[in-house]
Structures are given as structure tokens and as C-alpha cells.
Amino acid sequence: MRLGILTGGGDAPGLNAAIRAVVMRATTQGDTVVGFRDGWAGLIGEGLARVVRIEDVHGIVGLGGTILGTSRTDPRKEDRTRAEVLANLRRYDIDALIPMGGNDTLSVASWLHEAGVRVVGIPKTVDNDIAETDHCIGFDTAVSVVMDALDRLRTTASAHHRVMVVEVMGRDTGWVAAIGGLAGGADLILMPELRLTLEEIGRALERRHARGQTDTIVVVAEGVDFPDLQGVREASTTDAFGHVRLDQRGIGDALARSIEQRTGYETRAVVLGHLQRGGSPTATDRLWATRFGDAAVDLVHEGKSGVLPVARGDGVAVVPLRDAVATVRGVPQDIVELVRRLAGTGVPEIPLRVANRA
Ligand code: F6P
């Protein structure tokens with residue numbers, strides 16, 4: 001068989017481990033793997049592709065980014081590009097395509113399946129918000145970066161008695177904020193699934209100061225909205241899928257300024273940005289990527305299409321692509337409640353006399 005592979009959307013640590021697994025599994029069964037460059041852009045126009053051999057994936061399991069390149073390209077936007085994708089798949093003689101990506105890339109994959117192409121997807125996004133899977137490639141690494149950053153920020157916040165507002169990725173959901181924030185011991189976590197008002201945030205900080213806790217780490221997901229927050233910029237650019245550039249809003253910065261004005265506590269903002277997507281993947285991301293890549297090749301050989309391997313508990317399950325892209329997967333209620341208790345309005349009051357006795 002001739003298998004096409006591509007990586008689309010934002011890059012994520014672990015993509016190369018998935019590419020390696022596909023190439024190793026497919027090649028040892030006699031298949032040829034054709035890698036399309038830069039996501040769906042590699043299937044538009046003349047197309048841009050090359051055969052990916054076993055020797056090309058040697059030593060890439062721990063490499064961040066993607067050796068295939070990526071882009072945010074939606075080929076469904078025009079009749080011309082739709083036709084070019086289908087023509088290029090024929091021209092390169094592709095029997096089945098394995099696109100690796102988040103909700104956007106997988107919705108294009110779902111369209112291709114409906115158009116009669118054999119497609120098996122692989123779930124990837126640091127945002128971890130693809131429905132039907134417990135884990136997306138890149139999420140564990142992003143969370144580790146957040147945790148490490150919070151450990152570092154704690155010492156400087158503590159030394160200066162400051163509030164640190166840490167903006168993390170998460171367009172529609174608070175996965176990175178919640179799990180990274182919990183792992184790093186954030187004092188307040190603000191995310192779409194658990195909104196606090198500016199007044200509640202101010203009161204929470206004042207309560208902490210009253211207890212003698214003068215360093216505070218506030219983690220905020222980049223996609224959160226505060227209706228009364230001044231200074232959030234209008235994002236002027238959208239990508240091919242119509243998503244606004246959240247980094248242009250400056251939510252962390254605006255929140256830091258608002259906190260300082262409201263409470264008088266010295267506050268700094270840190271935007272972790274693409275640090276969360278860069279560098280070497282964790283063992284967890286490498287392993288899921290390897291399992292997904294291996295399973296995807298098996299599914300293709302079994303003649304399956306319009307599906308993707310997903311993480312279910314400790315194992316790999318298989319679900320339809322259309323279910324995976326039908327909704328985004330928010331943070332589950334038990335984690336939201338944990339955040340509420342440990343890093344939200346539910347933080348228990350510690351009576352001062354108890355604190356003094358200690
Ligand atoms: O891929 C998802 C994501 O990481 C979002 O969390 C973030 O808003 C966006 O990508 C950033 O995209 P870009 O790399 O295009 O700036």
C-alpha cells in the first residue's frame with residue numbers, strides 16, 4: 001500500500017514519535033509512506049511530498065515539532081482546493097491517508113472520508129480538547145512546561161510578595177490551565193469551565209494577604225472572557241479556520257493590570273505561549289503517539305476509514321472521526337470541582353489563630 005501522512009494545525013510535541021511509529025509499522029509490512037509537507041498545504045496546487053523511509057525517522061522520537069512541517073490550511077474553503085486535494089491524492093497514488101491533528105485537521109479528514117478517501121486520523125493538540133479521547137498528543141508536555149514554570153515563578157513571587165498572572169494555552173477549554181495549574185500548585189485557576197468575576201478574584205487575593213500569603217500564582221487560560229475587564233485587545237487576525245489569534249488579546253496582561261489597580265498588590269504577567277508547544281515530548285506523549293501511529297496503520301490494513309485511534313483509560317479504542325470532531329471536550333466536572341476547591345472560590349478559610357499556632 002501507499003500511505004499518505006501529514007501533520008496539520010499547531011505543532012505539538014510527540015508528532016514525530018507518531019510519524020516514526022507509522023513509518024516503522026507500515027514499512028516493515030511492505031508499505032510505502034508518502035509525507036505531505038506543511039499540513040493540507042502539501043496537497044494543494046502541485047502538492048509537495050516525499051517518501052519517508054525508516055532511516056528518515058531514526059532518532060526522532062524525542063524531537064519536538066514535526067519533520068513534515070505544518071500549517072493552518074483549510075482546503076475545503078474553495079472548490080479549486082478541494083479538487084486539488086483529491087487530484088493530488090490520486091497523482092501520488094495514495095491508498096489511504098493518515099492526517100494527524102486537532103479538531104480542524106480532523107474535520108478536514110472527516111470531509112475527505114465522506115468524499116470517498118480512505119482516512120484514519122490521529123488525535124493531537126496541546127489543548128487536549130478533542131472529543132472521545134482521554135489524551136491528545138502534546139498535552140502532557142504542555143502541562144509539564146506549565147508545572148515547571150509555576151515552580152520557578154513561585155520562588156520569585158514569594159521573594160517579592162507579588163501576584164504572578166500566568167497566561168497559558170487553551171482556546172475553548174481549560175485543560176492546560178487546570179491540569180498544569182493543579183500540578184504546579186496555582187492559587188487561582190481561571191478557565192472557561194470555571195469563571196470567576198474580577199471582584200471574586202480581588203476578594204480571594206485579599207483573603208490570602210489577610211492570612212499572610214503574599215505571593216499568589218494566578219493561572220488564566222488564554223480563551224477566558226471577563227466581561228468587565230478593561231484593556232483586552234481586539235484580535236485583528238483570524239486563521240484559515242476562522243479562529244482569532246488569542247495571543248493578540250493580551251488577557252494575562254490586562255488581568256494583571258486590573259488586579260494591581262483593584263488590590264494595590266504588585267502584579268506581573270507572564271505569557272507562556274509557544275514554550276508550551278516547543279521542545280522534547282514527555283514519555284507519556286511519546287508513548288501515546290507511538291500507540292496511535294501503530295494502531296492507525298493496523299486500522300488502514302483492516303480496511304477501516306473515517307475513524308481514529310483514541311486513548312480510553314489505559315488502552316486504545318477506535319471511534320468515528322465525525323464523533324471526535326462533533327464537539328470539543330471540556331474539563332470534566334470532577335476536575336472542575338477540584339480546581340474550585342484548591343484554586344477557586346472554594347479555597348478553605350484557614351482561621352488565623354490556627355495559622356498563628358503553627
Ligand atoms: O493548537 C492550539 C493552540 O495551541 C491554541 O491553544 C493556541 O491559541 C493556538 O494554538 C496558537 O496558534 P499559533 O501557533 O497559530 O499561534
Side-chain angles (χ1 to χ4, degrees), residues 6-16 18 38-41 64-66 68-74 99-109 121-131 133 135-147 149 166-181 189-193 219-225 232-255 269-279 281-282 285 288-289 292 308 324-325 327-331:
L6 63 85
T7 52
D11 71 320
L15 276 174
N16 283 326
D38 298 339
W40 298 110
T66 155
L68 296 175
T70 187
S71 68
R72 295 190 190 276
T73 307
D74 187 352
M100 311 179 190
N103 288 299
D104 297 333
T105 306
L106 296 180
S107 10
V108 179
I122 288 183
K124 163 253 42 162
T125 168
V126 299
D127 287 0
N128 205 40
D129 60 358
I130 299 173
T133 184
H135 186 86
C136 301
I137 298 172
F139 173 61
D140 190 65
T141 309
V143 158
S144 304
V145 170
V146 173
M147 182 186 74
V166 187
E167 179 182 317
V168 302
M169 282 187 170
R171 174 172 293 283
D172 302 306
T173 63
W175 278 104
V176 177
I179 305 300
I189 297 175
L190 311 171
M191 55 187 194
E193 295 87 344
V219 170
V220 59
E222 61 183 353
V224 173
D225 269 326
V232 179
R233 294 184 295 272
E234 194 70 34
S236 55
T237 327
T238 52
D239 66 24
F241 292 89
H243 305 306
V244 295
R245 287 260 315 267
L246 292 176
D247 60 310
Q248 294 180 338
R249 296 171 71 224
I251 185 93
D253 201 39
L255 185 62
V270 177
V271 181
L272 293 185
H274 293 79
L275 281 173
Q276 295 160 94
R277 292 218 316 242
T282 59
D285 274 329
W288 278 115
F292 291 155
L308 77 165
V325 299
T327 50
V328 291
R329 176 173 168 259
V331 177

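Note that these values count all heavy atoms, side chains included, but never hydrogens, waters or copies made by symmetry. Counting convention: from 1, in listed order, for ligands and their atoms alike.
In summary, the atoms of ligand 1 found under 4.0 Å from a heavy atom of Arg171, numbered by their order in the structure, are 8 (O). Within ligand 1, the atoms closer than 4.0 Å to a non-hydrogen atom of Met169 are 4 (O), 6 (O), numbered from 1 in the order shown. Listed by atom number, the atoms of ligand 1 under 4.0 Å from Val126 heavy atoms are 4 (O).
For the pair Gly170 and ligand 1, a heavy-atom separation below 4.0 Å is found.
At a heavy-atom cutoff of 4.0 Å, ligand 1 is contacted by no atom of Arg245, backbone or side chain. Counting heavy atoms closer than 4.0 Å to ligand 1, residue His243 contributes nothing at all.
The two atoms that bring Val126 and Phe139 nearest to each other are O-CD1, 3.3 Å, heavy atoms only. A pairwise comparison of heavy atoms in Gly65 and Asp11 identifies CA-OD2, 3.6 Å as the closest pair.
The nearest protein atom to atom 11 (C) of ligand 1, hydrogens excluded, is given as Arg277 NH1, 3.5 Å; this is a heavy-atom distance.
The shortest N or O to N or O distance between Thr125 and ligand 1 is not under 3.5 Å. Distances between N or O atoms of Asp247 and those of ligand 1 include no value under 3.5 Å.
Every residue two or more places apart in sequence or in another chain that forms a side-chain contact (heavy atoms from CB on, under 4.5 Å) with Thr141 is listed here: Pro13, Pro281, Thr282, Asp285.
Rounding to the nearest 0.5 Å gives a distance of 7.5 Å between OG1 of Thr105 and CG of Leu6.
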